[in-house]
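Just below is one structure, and these are the notes that go with it.
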Amino acid sequence: MELRDGLGRRFNYLRLSITDACNFRCAYCLPGGWCPAPGADAPLSIDEIRRLVVAFATLGVEKVRLTGGEPTLRRDLAEIVAAISGVPGIRRVGITTNGFGLSRLAPALRDAGLAFVNVSVDSLDPERFRAVTGKPLLERVLRGVEGALAAGFGTVKVNAVLLRGLDRAEFDRFVEWTERRPIAVRFIELMPTGCDSRFFAAHHVPVAWVAAELERRGWFARDRAPTDGPAIEYMRAGHAGSVGYIAPSTAGFCAACNRLRVSSRGALKLCLFGDRDVSLRSWLASDAHAGDLAGVLARLVQSKPAAHRLGAGCHGTTRSLAAIGG
Ligand code: SAM
Ligand code: SF4
C-alpha cells in the first residue's frame with residue numbers, strides 16, 4: 001500500500017517530534033527558552049510511537065526522522081530508535097539534534113539502529129554561536145559531530161540557519177570544515193514562523209547568496225536524482241564533504257514534497273506552514289485501535305495542501321518549529 005495524495009505525491013518519509021522541550025534558546029525558534037505548556041498532555045510513549053510508525057510503514061513509509069524540540073532530551077531515545085528500526089518496512093531512522101548530548105550518545109544510538117544524524121550548527125564562531133543559540137557550547141557541539149563520525153555515521157549533515165551577520169569569513173569556515181571531514185553543510189533559509197516576524201524581517205537573507213558564494217569559489221551543483229530531498233548540494237574536487245542550501249521558497253519545493261509530520265503529542269501536520277493539525281492519539285492507545293489508523297491516514301492525506309502560501313504571507317499556525325521539528 002502507498003500513501004499518495006490526489007496530486008500523485010507519494011509520502012514515504014515521516015518527521016516525528018518526540019518532545020517539544022529544548023535546552024537551547026535559538027533566536028529564531030525559542031528565544032525565551034522552552035516553557036512547559038500548563039496542562040499539556042505527555043509526549044507520545046514508546047508504545048504509541050511504535051503503533052504510529054507501524055501504521056505509516058504499512059502505507060509505505062520507509063524513513064523516519066526523530067526531531068523535537070531536542071530529541072536527545074528523551075532518556076528513552078535509544079529505545080525509541082530500536083523500536084522504530086525494528087518495524088517491518090522501516091529502512092532508515094535518523095535524528096535532528098542540536099548536538100548537545102551527541103558525543104556521549106552517538107555509539108549507543110548507532111547500536112540501536114540509527115542510520116543518520118543531522119546536527120544544527122549555526123555558527124563556527126564561538127561568540128556568534130552563543131549569540132544565536134543562547135548557549136556558549138560550540139566546542140561541545142563540534143565534539144558531538146566528531147563523536148557521530150567516530151561512531152560510524154558515514155556523513156553527518158550540518159544544518160545552519162542562514163541569518164544576517166553570517167559573513168564571508170564565517171562562510172569560509174564552513175567551507176573549510178568540509179575539506180577534510182565528510183560533512184554536508186546545508187544553509188537553511190530562515191522561515192517565518194508565527195513568533196518571529198520582526199526577527200524574520202531583520203535577519204532573513206535569500207539563499208541565492210549561498211549559491212553565489214559557492215559559484216564564486218568554483219563549486220558546482222550536483223546533479224539531482226528524482227528521489228533527492230529539498231537540499232541543493234554543491235561539490236568541489238578535493239573536498240570530503242559538500243555545501244548547499246534548503247529553501248522552501250525554491251521552485252518545485254512543494255511539488256516534490258514526500259513528507260508528513262507528527263507532533264510529540266500525536267498531532268498530524270499535513271504541511272509545515274499549514275493551519276490544520278489532526279490528533280491521532282485516540283488511535284494510538286492500544287493495538288486494537290491502531291489497526292484503523294492506516295485507513296485514517298490514507299484519508300487525511302487527501303486533504304494535504306498542494307503548496308504552502310508563504311509567498312502570500314501565510315505561514316500557518318506553527319508558532320515555533322520546536323513544536324513540530326522543522
Ligand atoms: N533541536 C533540534 C535541532 O535544533 O536540530 C531539532 C529541532 S529544530 C526545530 C529542527 C531544525 O529546524 C533545526 O535545524 C533548526 O535550525 C531549524 N529551525 C528552527 N526554526 C527555524 C526557522 N524559523 N527557520 C529555519 N529553520 C529553523
Ligand atoms: Fe532548540 Fe532546535 Fe529550536 Fe534551537 S532550533 S531552540 S536547538 S528546538
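Excluded from the calculations below are hydrogen atoms, water molecules and symmetry mates; all remaining heavy atoms, backbone and side chain alike, are included. Every number for a ligand or one of its atoms is a count from 1 in the order of the listing.
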Carboxylate-amine/guanidinium proximity below 4.0 Å for Glu146 and Arg143: no
Whether over 12 other heavy atoms sit under 6.0 Å from [X] [atom1]:
| X | atom1 | value |
| --- | --- | --- |
| Glu2 | CD | yes |
| Arg180 | CZ | no |
| Asp223 | CG | no |
| Arg91 | CZ | no |

Test of proximity, [X] against ligand 1: N or O pairs below 3.5 Å:
| X | result |
| --- | --- |
| Tyr28 | yes |
| Thr96 | no |
| Glu70 | yes |
| Met191 | yes |
| Gly69 | yes |

Proximal ligand 2 atoms for [X], defined as those under 4.0 Å from one of its heavy atoms:
| X | answer |
| --- | --- |
| Cys22 | 1 (Fe), 6 (S), 7 (S), 8 (S) |
| Phe24 | 6 (S), 7 (S) |
| Gly69 | 8 (S) |
| Asn98 | 7 (S) |

Ser120 to ligand 2, any heavy atom closer than 4.0 Å: no
pair Phe56-Leu293: side-chain heavy atoms closer than 4.5 Å: no
Centroid-centroid distance, Phe174 to Phe187, less than 6.0 Å: yes
Region of Leu190 engaging ligand 1 - heavy atom pairs below 4.0 Å: both
Arg259 to Phe11 six-membered ring, cation-pi geometry met (6.0 Å, 45°): no
Arg140 NZ/CZ over Phe100 ring centroid, <6.0 Å and within 45° of normal: yes
Region of Cys26 that comes within reach of ligand 2 [heavy atoms, distance under 4.0 Å]: both
Sub-4.0 Å atoms of ligand 1 with respect to non-hydrogen atoms of Asn159: 14 (O)
Contact atoms of ligand 1, heavy-atom distance to Val161 under 4.0 Å: 16 (O), 26 (N)
side-chain hydrogen bond (donor to acceptor under 3.5 Å, both in side chains) assessment of Arg222 paired with Tyr234: CA-CA 6 Å; Arg222 192 171 66 77; Tyr234 283 70; over 6 Å; no
Whether Ser17 lies under 4.0 Å from ligand 1, heavy atom: no
